[in-house]
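Numbers restart at 1 for each chain; the letters A, B, ... are given by sequence-line order, proteins then strands.
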Amino acid sequence: MPQKNQILAKRELAPRIIEIEVYNPDIASKVKAGQFIVIRVGEECERIPLTIADWNSKDGTITIVFQEVGVSTYKLGKLNVGETIMDVVGPLGNPSEIDRFGTVVCIGGGVGIPAIYPITRELKNAGNKIISIIGARSKNLLIYEDKMMNVSDELRITTDDGSKGRKGFVSDELRDLLKSGLKVDRVITVGPAIMMKVCAEVTKPYNIKTIASLNPIMVCGMGMCAACRVEVNGKTRFVCFEGPEFDAHKVNFDILLMRLNAYKSEEQMALKIYLEGRSE
Amino acid sequence: MPVKKRVEMNKLPIEERKNSFNEVALGLTEEQAIEEAKRCLQCPNHPCVSGCPVNVDIPKFIKKIVEKDFLGAYRIIKEKDAIPAITGRVCPQEVQCEAKCTLQRIKEPIAIGALERFIADWAIKEGVIKEEVTRAPSNGIKIAVVGSGPAGITVAADLAKLGYEVTMFEALHKPGGVLVYGIPEFRLPKRIVEYEINYLKDLGVDIKTNTVIGRTYTIKELFQSGFRAVFIGTGAGMPKFLGIPGETLVNIYTANEFLTRVNLMKAYLFPKYDTPIKIGRKVAVIGGGNVAMDAARTAIRLKAEEVYIVYRRTEEEMPARRDEVINAKEEGVKFQLLTQPIRFVGDKENKLIGIECLRMQLGEPDESGRRRPIPIKGSEFIFEVDSAIIAIGCHPNPLIAKTTPEIKVNEEGCIIVDEECRSSMKGVYAAGDIILGEATVIEAMGTGRIASTTIHKDIKNGKI
């Protein structure tokens, strides 16, 4: 029997984008689409939130996809199959609202694609017509394409450099889709904050209910520290406890973007020290 | 015969305090402790005991100190208080046991807290804690304790000693609740908390960290998996906000986030530890309680140049312990009193650059008995700061109530219990800040004692 929080499988989906399967039957039996976990790789590590991309309640496993961007995710990326993550807590946050809405556009950008995947799957199972738009900087960074294909009626792809699908952003594709006159009942978007901001701007004139799954800096993940707070409709809200999904038309993305960058210089310094230490 | 003066603990030199997270209060030496213990009048009606929320037999343990029977003193304290090394440090004795001391009349009450700490530290140093663990044979009855703070620790220890099989659930990665994420190292060293938590483990309590009740398991699932009773001691941990514009600006922390980053995640050791903290040059801590003092003194240690307590009343109305206010002042914290923030001001990058404030004056006493602060018209001014820490208190944690509608809460979000700590859901009990709102460590433990007594009674009487 595997140990709790042991890594049972590991795959590099794209350069610096890694998928791991973690043994944690408690979370695997409980998780619903849209929820996340908070992990701490080791004693000196940060607590970081990661969306649960998939799970298997029978085998007791959950699947996580992350990009190596800072010290914590680099350290997570260093763990091999058989090793364990020190702390894993979850499932956290509220499950995604799943209902029969009609036609739903599911948008994922970068490592937001694995995050939108289970939501898309559940929406599809609930009888919605699913048009998915997924995007990445470049073809080699585009992940979860097949999985998204399997749960969508239509899949559209964009890359910033045009190496696959449409050249441009997911929001460009969304704009054209809406311009074509298609009746869309709901848009749900997971990805970089700037992407979600632009998508919300695109849907606003059409008055289409648009949901964004927010990704702020988080520490506790359970409503205790308020590091993850955002301004929604002029009010202070906790993403970990009241979210992570909010009405995208009411989110103050400018503040979210600034808060995401609050520790940029510290993060860069720490990563530099970490990488130098590793190469010695 | 004139009464001898109260013996005070030595403190770390101020310069050393500002430059390290080492504990400030150094405790009593054996000689000091005995000298202080000898001052106790051993009043036959022991008024001090009535001031203690867990009723420690104070005169009896003090007598043992005079007799140099420290082990005896330890046993007497431990009968009622599971974590004396902690309560000896953080209890507000001046409004509890020491306030009731007969010698308080001449303003020289016995230093009960310091004596308790002396005995607890002696027990840790001598390694007697493990040998002193005694528990009844297991009765096979499973009890769930949700939350590992002061209330949960008391309930877990009480019931484990009686032979119950106790499992304690903690949402964070370390047990201790507010004792580990909230109270700083310089006031309560984390090794002390660890010692006391290890005592629970020695009693056979199974501690499960990283488990959020309400998410990982629901209360109903706990019953389904065989727990006979569930105790909820999840505390008040959801930060309050001022409700003024700009609260989401960058470089504004809640005290919980600030202290969690520093205490639990060890941000003061960044980049050795990965969690960063940004403190800036000039810091405003908003609030006048113990947590505000903790945050301000932490900011001093993180090398902020100027640290201000911003409080809307005067020093006299501050809820913080007098000792903590003195400690803060000694370490260079400045007090910006009669000042009410009304807006956080950011630059074009949404970074905090100042707080717009109003000057206040004191009016008639309000329902709390403290004089009400009244704004002075036209007194608005900008208080320029690089960072702000909001330390105006916390709401009860809402998760369990939200996920278990059977458990009734009041409008503040506190779980409603009867006088014996029973909630509205059968088999579910609650104590500590989740029923009190915001109270002290020892008050949480006092209600925890009531809950553990009730749980034992209800099980014996076949009620649950």
Side-chain angles (χ1 to χ4, degrees), chain A residues 4-5 24 26-27 30 35 37-48 70-72 75 86-93 219-231 234-238 241 252 254-263 265-267 269-274, chain B residues 170-174 178 181-182 208-212 214-218 221 235-243 245-261 264-267 269-278 346 349-351 390 394-395 397-399 402:
Chain A
K4 195 173 170 181
N5 302 338
N24 190 310
D26 285 338
I27 298 174
K30 252 297 164 18
Q35 290 188 298
I37 53 173
V38 165
I39 68 153
R40 197 173 67 124
V41 178
E43 185 56 40
E44 289 156 15
C45 298
E46 279 184 276
R47 291 171 67 92
I48 49 168
V71 174
S72 294
K75 286 180 178 172
M86 187 178 246
D87 298 296
V88 179
V89 57
L92 300 171
V219 183
C220 76
M222 51 199 68
M224 187 206 92
C225 76
C228 67
R229 70 191 184 276
V230 286
E231 192 183 296
K235 288 206 175 74
T236 299
R237 305 287 296 270
F238 293 35
F241 169 69
N252 186 331
D254 293 335
I255 289 182
L256 174 64
L257 280 159
M258 276 317 300
R259 291 185 67 83
L260 279 164
N261 286 328
Y263 297 99
S265 57
E266 286 81 2
E267 284 161 5
M269 174 179 92
L271 184 62
K272 192 165 166 272
I273 293 169
Y274 171 73
Chain B
E170 167 55 44
L172 288 170
H173 58 260
K174 270 205 180 84
V178 71
Y181 75 74
K208 291 202 186 305
T209 53
N210 294 320
T211 311
V212 187
R215 295 270 194 226
T216 316
Y217 314 112
T218 61
E221 285 167 331
M238 192 189 182
K240 286 181 185 165
F241 283 92
L242 294 146
E247 284 174 339
T248 45
L249 289 172
V250 176
N251 297 335
I252 301 176
Y253 291 97
T254 65
N256 267 8
E257 181 189 354
F258 182 73
L259 293 171
T260 298
R261 280 179 181 272
L264 183 69
M265 307 311 296
K266 298 199 166 44
L269 298 174
F270 179 85
K272 184 176 180 292
Y273 279 71
D274 298 341
T275 303
I277 189 102
K278 259 203 156 84
E349 294 187 309
N350 286 318
K351 286 191 180 134
I390 303 171
C394 285
H395 299 288
N397 284 327
L399 194 56
K402 198 183 146 190

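- With values rounded to the nearest 0.5 angstrom, A/N261 atom CG is found 8.5 Å from B/K351 atom NZ.
- Both the backbone and the side chain of A/M224 have a heavy atom closer than 4.5 Å to some heavy atom of chain B.
- Pairing each heavy atom of B/M265 with each of A/V219, the nearest pair is CG-CG1, 4.3 Å.
- Contact annotation for B/Y181: only side-chain heavy atoms (C-beta onward) come within less than 4.5 Å of a heavy atom of chain A.
- Of the charged side-chain nitrogens involved, at least one lies within less than 4.0 Å of a carboxylate oxygen, so that A/K30 and B/E221 count as a salt-bridged pair.
- In this structure, A/F238 and B/P239 have side chains that are in contact, with non-hydrogen atoms separated by less than 4.5 Å.
- Among the candidates A/Q35, A/K235, A/E231, the residue making the largest number of heavy-atom pairs closer than 4.5 Å to chain B is A/E231.
- Residue with the most contacts toward chain B among A/R259, A/M86, A/R229: A/R229 (heavy-atom pairs, distance under 4.5 Å).
- We find the CD-NZ distance between A/E43 and B/K266 to be 6.5 Å, quoted to the nearest 0.5 Å.
- Contacts between A/R40 and chain B at a heavy-atom distance below 4.5 Å involve the side chain alone, from C-beta outward.
- The structure places CG of A/D26 at 8.5 Å from NZ of B/K208, a figure rounded to the nearest 0.5 Å.
- Heavy-atom distances place no part of B/I390 under 4.5 Å from chain A, backbone and side chain included.
- The shortest distance between side-chain heavy atoms of B/T248 and A/V230 does not fall below 4.5 Å.
- Residue A/V89 comes nearest to B/A171 through the heavy atom pair CG2-O, 3.8 Å, listed as atom of the first residue, atom of the second, then distance.
- Residues A/M269 and B/F270 meet the side-chain proximity criterion, which asks for heavy atoms closer than 4.5 Å.
- No donor-acceptor distance shorter than 3.5 angstrom exists from the side chain of B/N350 to the backbone of A/M258, with no hydrogens or angles considered.
- When heavy atoms are compared at a cutoff of 4.5 Å, A/D254 approaches chain B by way of both its backbone and its side chain.
- Smallest separation of non-hydrogen atoms from B/T254 and A/C225: OG1-O, 2.7 Å.
- Options B/T216, B/T211, B/T209 differ in how many heavy-atom pairs under 4.5 Å they form with chain A, and the most are formed by B/T216.
- A/M222 places a side-chain heavy atom less than 4.5 Å from the side chain of B/L172.
- Residue with the most contacts toward chain A among B/K278, B/M238, B/E247: B/K278 (heavy-atom pairs, distance under 4.5 Å).
- With a 6.0 Å cutoff to the six-membered ring centre and a 45° limit on the axis angle, B/K402 counts as a cation-pi contact of A/F241.
- To the nearest 0.5 angstrom, A/Y274 atom OH is 9.0 Å from B/D274 atom CG.
- When side chains are defined from C-beta on, A/V88 does not count as touching B/N210, because their heavy atoms never get closer than 4.5 Å.
- Heavy atoms closer than 4.5 Å to chain B are found nowhere in A/I27, neither backbone nor side chain.
- With values rounded to the nearest 0.5 angstrom, A/C45 atom SG is found 10.5 Å from B/H173 atom NE2.
- Between the CD1 atom of B/I277 and the CD atom of A/E266 there is a distance of 10.0 Å, given to the nearest 0.5 Å.
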